[in-house]
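Data block below; observations after.
Here the structure is a predicted model, which is why all the values come from computation and not from measurement. Lettering of chains follows the sequences in order, A, B, ..., and the numbering in each one begins at 1.
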Amino acid sequence: MADKKVRVRFAPSPTGGLHLGGVRTVLFNYLFAKKHGGDFVLRIEDTDQNRYVEGAEQYILDCLNWCGLTPDESPVVGGQYAPYCQSERKALYRQYAEKLVMEGHAYYAFDTPEELDAKRKEIPNFQYGHAHRDELRNSLSLSEHEVDALLDAHTPHVIRIKMPTDETISFNDMIRGHVSFETNQVDDKVLLKADGMPTYHLAVVVDDYLMKISHAFRGEEWLPSAPVHLLLWEYLGWKADMPQWAHLPLILKPDGHGKLSKRDGARLGFPVYAMEWYDAKADEFTPGFRELGFLPEAFLNLLAMLGWNDGGDQEIFTLDKLIEKFSIDRVSKAGAKFDYEKAKWYNAEWIKRTSAEGLKDKVITVLADKGLAVKDDAYLVTVIDAVKERCILLPDFYQQSAYFFEVPKEYDVNSVKPKWNEAKNEFFNVLIGLLKNEASINAVVFEAQFKALMEEKALKAGDVMLPFRIMLVGGKFGPHVFDIAALLGKDETINRIEHALVVFNS
RNA sequence: GGCCCGUUCGUCUAGGGGUUAGGACGUUAGAUUUUCAUUCUAGAAACAGGGGUUCGAUUCCCCUACGGGCUACCA
């Protein structure tokens, strides 16, 4: 066990958008694998044909790709243990289910869904298990003859695990420590469905075994079915190869209670999916962290800190650092409420720490979405450097830098006009003249000239600085005005003063 | 209802038998910036409750409360 190669997997079912909790599960798996020089495999659990959604599989791949959590083995890149979609492995599972029946650990059940519904209504707390299986139609309650007849007639049936009575199943969870269950409390879960597809329960253990998975990390919602999986590993004779389990704490709603869901995002105004998901059935787009302007590095960083920390005060980590520092036993046991404010803080930090060059392509996209084409890349890079510390999400770059590329569409006239007068008008006209005599604008020199003129005209900084800013920017924001003027250049600065003067004087 | 898991500032968390219970987000107040943001300084803010064990419990044990998960031929 100890010297077994580390192999972990993420096994989503392709049913819709990839939830942030799912990405965190991927991340923890990935970090653990990379830390231990192991493999990270992506396996698609598409055993439920009713819930299968076209395009969801590719979408999951795209999300992982955006995050930079690329699987070593997957349906697209393949691998030694292909295929990686359970639907393509369908034929494989039946033999194991049959083997369990042969050995008395499982049985055929012929009950129809209607019959089971009736039972559930009739008996409070009904469970298909030791207490009631004799009253139902299965190969345990029926005679061998009856069973053979039903089988020969191709009667629809499932295979259920036969939970033992009066046993305690326990195991050591890497996060939670000792966990135990009474078998009497666990029902006889379906292993193989009537359509021949395995349920999750059978499929995970068979595939984890076949794919030589060494560590299985999944959400806490799986904890109650762990005893079924444990028993299956044992009954199938693979106990020595069973992976080590870790059940990750859930990500909860920021307000109220419960697991975080897509609805909460819409309700509270933040993304829940990694990337935009289009639900064809509802004809509805749900934006993701990517569309709202999160950097993948920030997204990963904030996810990592939801339920894990390295023990120190550090909160900003690169993927490489996370790999270096990650330890599964430092994952906390309790669920974490998602805090969008903090999530945004991580992104702002990452924007500040990313070079302008590194941000360039993303900013170009943001501006292009708003119809702003950037012609001069070098100019854009200086602009990004000038404004990035006031951007929290990528789209903020539009508001913060559009005026570097075009004359403001609107002016915050309310901040200027009430106090506008002829003296100020004259000041700016003189300033234009001054500017025209210069070859170019140097921020420091220009500031000195500007202030000298201010004194000469007996104006206070408060009188002209804000109007000047609004002339160049349109509003009360942005870097130092003189830096903006220098970046804009002499001609454009003059142009904007003249342009704004018309508006202010009207 | 049953079973399982959990519980430190509003939130994410550190800590762990003797601490002024630490950090971060957010928040409040100040400083810097005659814009906005950044940055800086300071402040308010927590061990769910009750029993044990112990010289001493927030830390260990038990109970209660509360929260969450599961309870499908879904994953």
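Annotation: rU58(B) and rC47(B) have their P atoms spaced 10 Å apart (nearest Å). Distance check on atom P: rG69(B) versus rG51(B) gives 32 Å, rounded to whole Å. rA31(B) and rA45(B): their P atoms are spaced 23 Å apart (whole Å). rG15(B) and rC60(B) have their C1' atoms separated by 16 Å, given to the nearest Å. Nucleotides rA14(B) and rA21(B) place their C1' atoms 10 Å apart, quoted to the nearest Å. Using atom C1' as the reference point in both rU35(B) and rU41(B), the two lie 23 Å apart (nearest Å). When the C1' atom is compared between rU20(B) and rC12(B), the two are found 24 Å apart, to the nearest whole Å. Rounded to whole Å, the separation between the P atoms of rU64(B) and rG1(B) comes to 14 Å.
Nucleic acid contact for Glu45(A): sugar-phosphate only, since backbone atoms but no base atoms lie under 4.0 Å from a heavy atom of the residue. Residue-level contact check: Gly462(A) touches the bases, meaning some heavy atom is under 4.0 Å from a base atom. Across all strands shown, Arg218(A) has no heavy atoms under 4.0 Å from either base or sugar-phosphate atoms.
In this structure, Arg469(A) places its CZ atom 14 Å from P of rU33(B), rounding to the nearest Å. As rounded to whole Å, 8 Å separates atom C1' of rA75(B) from atom NE2 of His201(A). Rounded to whole Å, the distance from CZ on Phe181(A) to C1' on rG2(B) is 14 Å.
The shortest distance between the side-chain N/O atoms of Lys476(A) and the OP1/OP2 oxygens of rA37(B) is not below 4.0 Å. Between Thr47(A) and rA75(B) there is a side-chain polar atom (N or O) within less than 4.0 angstrom of OP1 or OP2. Under 4.0 angstrom from either OP1 or OP2 of rA72(B) there lies no side-chain N or O belonging to Arg51(A).
If you check the side chains of Arg330(A) and Asn309(A), you find a donor sitting under 3.5 Å from an acceptor. Counted by atom type alone, Tyr59(A) and Glu54(A) present zero donor-acceptor pairs between their side chains at under 3.5 Å. Asp48(A) and Tyr200(A) are not linked by any side-chain donor-acceptor pair at a separation below 3.5 angstrom, with hydrogens and angles left out of the test. Counted by atom type alone, Asp264(A) and Ser261(A) present one or more donor-acceptor pairs between their side chains at under 3.5 Å.
Residues Lys119(A) and Asp111(A) are not paired through a salt bridge, judged by the lack of any N-O separation under 4.0 Å between the basic side chain and the carboxylate.
The closest side-chain heavy-atom distance from Phe482(A) to Val444(A) is not below 4.5 Å.
None of Leu64(A), Thr25(A), Ile60(A) except one satisfies the side-chain contact (heavy atoms from CB on, under 4.5 Å) rule with Pro12(A); the exception is Ile60(A).
Using Watson-Crick or G-U wobble geometry with both donor-acceptor distances under 3.5 Å, rU20(B) finds no partner in any strand shown. Base pairing of rC70(B) is made with rG2(B), judged by Watson-Crick or G-U wobble geometry with both donor-acceptor distances under 3.5 Å. Of the nucleotides present, none pairs with rG26(B) by Watson-Crick or G-U wobble criteria with both distances under 3.5 Å.
Heavy-atom nearest nucleotides on RNA chain B were determined for Lys189(A) and for Ala334(A), and the one closer to the 5' end corresponds to Ala334(A). Heavy-atom nearest nucleotides on RNA chain B were determined for Pro249(A) and for Ala194(A), and the one closer to the 5' end corresponds to Pro249(A).
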Carefully, step by step, assess Asp207(A) and Tyr84(A) under the rule side chain to side chain donor-acceptor pair (under 3.5 Å).
-> CA-CA 9 Å; Asp207(A) 286 340; Tyr84(A) 291 90; over 6 Å; no
I'd like a list of close polar pairs between nucleotides 20-24 of chain B and the protein, N/O only, cut-off under 3.5 Å.
{"unit_1": "rA24(B)", "atom_1": "O4'", "unit_2": "Glu315(A)", "atom_2": "OE2", "d": "2.7"}
{"unit_1": "rA24(B)", "atom_1": "O2'", "unit_2": "Glu315(A)", "atom_2": "OE2", "d": "2.4"}
{"unit_1": "rA24(B)", "atom_1": "O2'", "unit_2": "Lys342(A)", "atom_2": "NZ", "d": "3.0"}
{"unit_1": "rA24(B)", "atom_1": "N3", "unit_2": "Lys342(A)", "atom_2": "NZ", "d": "3.0"}

